[in-house]
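Following: one structure in structure tokens, then a few remarks.
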Amino acid sequence: MKKASTILSLAVAMSSAQLAFANNDTPPEYSKGEVLVLLSSENVMQLTEGKTEPTGYYLNEFGVPAKALMDAGYKLVLATPKGNAPSVDNKSVIPQYFDGGEAQMREIQSFVASLEGIDDTLSLSEVIAQGLGEYEGVFIPGGHAPLIDLANNPQVGEILSHFHNEGKPTAAICHGPIALLSGQSNPQTFELALKSGEQATSDSWIYEGYKMTIFSTPEEAYFESTLDDTSLLYYPADAMAQAGGKMEYKEMWAPNVVVDRELITGQNPFSDELLAEKLLQQLNSQSN
């Protein structure tokens, strides 16, 4: 009877383990550590002429690197300014961002929907209060939403300053790098100057002089051509250059990732796999 009970217990344990792998959960004993993922709380972007545009994170820019991180043994901790559920930008839910593959797109959709905390993220206040020392790195997906509440946020600046001071990997893709602007003394004043069309001057920006990239002005102009007689309040590429970033771009829609010290930035949605590769290289190198 004892033998049968032991076999039953083993079967239950094996079934639980198989279920964990099916759900992309990494068993704790194999975890390489935690990576913080910063996402926007917002889903409506203010434009010129008093108009607005639905927005959120881009599915592939979030899901492809996130899945690569989890597959490699890292646990993801999701956070937003408000601690709410982030929104996907529906314009990104199309196969063209997944090499034209409908099946791959659906796989990433399901993966993101299954992530722990996706419907109830930690707030930035909670993340800071719990301490940042246990995180191996930080990742900021794109979509236009970060322009709303990550580019002008002192709490984002506090988080980024920790990873900067510790030399830990800091990765951002497409519009995600705009959040780096929060890593200065007065990010809200800097943003106000940008929106007013003035020359903006950064104040003690921690990434001044770093090589980096972001969604390019030609790519942004293409996005604006899809809008209804309106435009962005400022161009992210100009903002990063005014702050003191050494900007590097490739032609429109070409994968491009720039690495400088702990900072890893991707230019556009098609840089998702390359950014994941470079981020994992840095994460793995610091754990060896």
Side-chain angles (χ1 to χ4, degrees), residues 26 28 30-40 61-62 65-66 68-81 83 116-117 121-142 146 149-173 176-187 190 202-214 240 243-246 248 257-266 271 274-288:
T26 303
Y30 297 118
S31 176
K32 293 182 178 178
E34 295 182 340
V35 173
L36 181 63
V37 182
L38 299 183
L39 295 151
S40 171
E61 294 173 14
F62 176 22
L69 287 167
M70 287 194 65
D71 287 349
Y74 291 93
K75 178 181 178 181
L76 305 182
V77 177
L78 312 184
T80 61
E116 180 181 349
T121 65
L122 293 176
S123 68
L124 298 186
S125 296
E126 290 173 323
V127 168
I128 293 169
Q130 292 174 10
L132 300 168
E134 296 302 313
Y135 294 109
E136 303 300 322
V138 60
F139 167 49
I140 310 170
D149 61 351
L150 299 186
N152 53 8
N153 194 315
Q155 289 185 316
V156 172
E158 182 175 350
I159 291 168
L160 292 176
S161 292
H162 166 81
F163 290 96
H164 171 72
N165 293 334
E166 295 295 322
K168 289 187 173 182
T170 300
I173 184 170
I178 202 70
L180 303 176
L181 293 177
S182 285
Q184 58 179 304
S185 297
N186 297 294
F190 185 84
S202 61
D203 185 356
S204 304
W205 190 37
I206 59 178
Y207 301 109
E208 184 173 0
Y210 272 63
K211 293 183 291 184
M212 62 184 69
T213 192
I214 197 170
M240 304 303 282
K246 294 183 177 179
E248 298 184 0
V257 172
V258 177
V259 180
D260 188 352
R261 288 158 278 186
E262 83 279 6
L263 187 62
I264 307 160
T265 50
S271 306
L274 183 57
L275 181 122
E277 176 186 326
K278 297 298 184 182
L279 175 54
L280 281 170
Q281 285 176 0
Q282 279 209 15
L283 287 168
N284 292 334
S285 66
Q286 72 178 6
S287 63
N288 291 336

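Residue numbers start at 1 and run along the sequence shown.
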(message) Tell me whether Gln282 contacts the main-chain N or O of Arg261 through its side chain, where contact means a donor paired with an acceptor under 3.5 Å.
(response) yes
(request) Any chance you could measure Leu279, atom CG, to Ile264, atom CD1, to the nearest 0.5 Å? (result) 5.0 Å
(request) Could you tell me which non-hydrogen atom of Gly183 sits nearest to which non-hydrogen atom of Trp205, and how far apart they are? (result) O-CD1, 3.2 Å
(message) I'd like to check Leu69 versus Leu283 (side-chain heavy atoms, cut-off strictly below 4.5 Å). Are they in contact?
(response) yes
(message) To the nearest 0.5 Å, what is the distance between CE on Met70 and CG on Leu76?
(response) 5.5 Å
(message) Looking at every heavy atom in both Thr121 and Leu78, which two are closest together, and how far apart are they?
(response) CB-O, 3.5 Å
(request) Give, for atom CD of Glu208 and atom CD1 of Ile206, the distance between the pair rounded to the nearest 0.5 Å. (result) 11.5 Å
(request) Give, for atom CG of Asn152 and atom CD1 of Ile178, the distance between the pair rounded to the nearest 0.5 Å. (result) 10.0 Å
(message) I'd like to know if the side chain of Glu61 reaches the main chain of Gly142, judged simply by a donor and an acceptor atom lying under 3.5 Å from each other, with no hydrogens or angles considered.
(response) yes
(message) My understanding is that only one of Val257, Ile173, Thr213 makes a side chain to side chain contact (heavy atoms under 4.5 Å, CB included) with Thr265; could you say which?
(response) Thr213
(request) Could you tell me which non-hydrogen atom of Ile128 sits nearest to which non-hydrogen atom of Glu158, and how far apart they are? (result) CG2-OE2, 3.3 Å
(message) As an exercise, state the distance from OG of Ser202 to CE of Met240, rounded to the nearest 0.5 Å.
(response) 10.5 Å
(message) Minimum heavy-atom separation for Thr80 and Ser40, please, with both atom names.
(response) CG2-O, 3.8 Å
(message) Could you check whether any side-chain heavy atom of Ile140 comes within less than 4.5 Å of a side-chain heavy atom of Val156, counting everything from C-beta outward?
(response) no
(message) With a 3.5 Å distance limit and no angle check, can you tell me whether Ser182 reaches the backbone of Leu150 through a side-chain donor-acceptor pair?
(response) yes
(request) Could you pull out the closest heavy-atom pair between Ser123 and Pro81, with the gap in Å? (result) CB-O, 3.8 Å
(message) With a 3.5 Å distance limit and no angle check, can you tell me whether Lys168 reaches the backbone of His162 through a side-chain donor-acceptor pair?
(response) no
(message) Nearest 0.5 Å, please: how far is OH in Tyr207 from CG in Asp260?
(response) 11.5 Å
(request) May I ask you to test the His164-Thr170 pair for a side-chain heavy-atom distance under 4.5 Å? (result) no
(message) Any non-hydrogen side-chain atom of Phe62 less than 4.5 Å from a side-chain atom of Val37?
(response) yes
(message) Looking at Gln281, is its backbone amide N or carbonyl O close enough to the side chain of Ser285 to form a donor-acceptor pair, meaning the two atoms are under 3.5 Å apart?
(response) yes
(request) Verify whether one side chain among Glu262 and Tyr210 offers a donor that lies under 3.5 Å from an acceptor in the other. (result) yes
(message) Main chain of Glu136, side chain of Gln286: is a donor-acceptor contact present, judged purely on distance under 3.5 Å?
(response) yes
(request) Flag the pair Glu166 / Leu132 as yes when at least one side-chain heavy-atom distance between them is below 4.5 Å, and no otherwise. (result) no
(request) Please report the shortest heavy-atom distance between Met212 and Leu263, naming the atom on each side. (result) CE-CD2, 4.0 Å
(request) Specify whether Phe163 and Tyr135 have parallel, tilted or perpendicular ring planes, treating 30° as the upper limit for parallel and 60° as the lower limit for perpendicular. (result) tilted
(message) Could you tell me if the side chain of Asn284 sits less than 4.5 Å from the side chain of Lys32, heavy atoms only?
(response) yes
(request) Could you check if a side-chain atom of Tyr74 sits within less than 4.5 angstrom of a side-chain atom of Leu280, using non-hydrogen atoms only? (result) yes
